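Everything numeric here is computed off the predicted structure, so don't read it as measured data.
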Amino acid sequence: LLKKADELATLCDIPICVVVNSPYDAAPEVWPSRETANKIVAQWSKMSVMDKTKKMVNQETYLQQRIAKATESWGKARKENKELEMKNIMFDCLSAKTSVPCIPKCDLRDFGSVIEQHLKDVNRRREILKRNEVEGSSSSLVIAADVATTSTVIPMLEMGSSSVGFHEKIRNQIENTLDVKKTDKDLDLNKKW
């Protein structure tokens with residue numbers, strides 16, 4: 001117990017004292033010394049009740065906090081896994097390894113969101129390249145500066161304008177499967193850049 005108290009005091013850089021009473025000893029064992037223990041107890045006595053209890057937790061509260069953190073972490077991991085799964089399906093569709101009718105109906109909205117996000121990335125990249133061409137800059141500098149986007153959109157860029165047609169086809173299949181009508185708010189995939 002004393003060794004753990006010493007490690008905790010060193011690790012957290014806080015004053016700690018330990019008083020151990022024994023039924024076999026009249027005088028309690030005090031660590032690190034009686035003077036230090038008296039000083040720490042005096043400091044503790046001077047603190048307000050709010051300061052004394054603000055970081056205290058019981059077993060139930062501690063477990064509730066741990067469960068909340070674990071649930072939040074699980075939710076984030078689940079969302080990331082779903083996005084990765086949808087990206088894999090999208091690239092499988094691009095390479096004709098799978099088709100939209102094979103995708104479960106419950107995943108189609110997520111699939112559409114991933115496609116929309118990749119289209120936004122492609123359009124953003126195209127705008128950057130266009131801006132750099134206008135400014136007379138080398139596009140190789142843009143490629144080096146935009147490596148994160150490049151790795152996810154290269155298959156689409158290599159396909160050229162056919163990727164827009166592919167995404168329109170996928171969107172139509174998703175909408176037909178979900179019986180969703182297009183709105184004016186939809187992204188115009190046939191817009192000329």
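Trp44 and Val19 fall into different hydrophobic clusters, where Ile, Leu, Val, Met, Phe, Trp and Tyr side chains are chained together by heavy-atom contacts under 4.5 Å. Hydrophobic clustering keeps Leu84 apart from Val114 (ILVMFWY residues linked when any side-chain heavy atoms are closer than 4.5 Å, directly or through intermediates). Leu2 and Ile14 fall within a single hydrophobic cluster, where Ile, Leu, Val, Met, Phe, Trp and Tyr side chains are chained together by heavy-atom contacts under 4.5 Å. Transitive grouping of hydrophobic side chains (ILVMFWY, heavy atoms separated by less than 4.5 Å) brings Met47 and Met56 into a common cluster. Note on Leu11 and Ile16: separate hydrophobic clusters, where clusters join Ile, Leu, Val, Met, Phe, Trp and Tyr whose side-chain heavy atoms are under 4.5 Å apart, directly or indirectly.
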Residues 26-40 side chain polar contacts: donor-acceptor under 3.5 Å, at least two apart:
unit_1	atom_1	unit_2	atom_2	d
Ser33	OG	Thr36	N	3.3
Ser33	OG	Thr36	OG1	2.9
Asn38	ND2	Arg34	O	3.3

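Counted within 6.0 Å of NZ on Lys52, heavy atoms from surrounding residues, nucleotides or ligands total more than 12; the atom is thus considered enclosed. Other residues, nucleotides and ligands contribute at most 12 non-hydrogen atoms within 6.0 Å of the CG atom of Asp13.
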**OP:** Would you sort out whether Glu85 and Asn81 count as a side chain to side chain contact (heavy atoms under 4.5 Å, CB included), showing the intermediate values?
**Re:** CA-CA 6 Å; Glu85 181 184 353; Asn81 287 339; over 6 Å; no
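For Thr53 (side chain) and Val49 (main-chain N/O), a donor-acceptor pair under 3.5 Å exists by modelled atom type. The backbone N or O of Leu119 sits less than 3.5 Å from a side-chain atom of Asn123, completing a donor-acceptor pair. For the pair Ser95 (side chain) and Phe91 (backbone), a donor-acceptor distance under 3.5 Å is present.
The side-chain heavy atoms of His118 and Lys87, taken from C-beta on, include a pair separated by under 4.5 Å. A heavy-atom distance below 4.5 Å is not found between the side chains of Ile115 and Met86. Proximity of Lys46 to Gln43: side-chain heavy atoms (C-beta onward) are nowhere separated by under 4.5 Å. Residues Ile128 and Arg124 form a side-chain contact, since some pair of their non-hydrogen atoms from C-beta on lies under 4.5 Å apart.
Going from atom CG of Asn88 over to atom NZ of Lys97 covers 9.5 Å, rounded to the nearest 0.5 Å. The CD atom of Glu133 sits 11.0 Å away from the CZ atom of Arg126 when rounded to the nearest 0.5 Å.
Using a 4.0 Å cut-off between charged nitrogen and carboxylate oxygen, Lys76 and Glu80 do not count as a salt-bridge pair.
Legend: residues meeting salt bridge (charged side-chain N to carboxylate O under 4.0 Å, His left out) with Lys4, ordered by chain and number and at least two apart, are Glu7. Applying the salt bridge (charged side-chain N to carboxylate O under 4.0 Å, His left out) criterion to Asp110, with sequence neighbours excluded, gives no partner residue.
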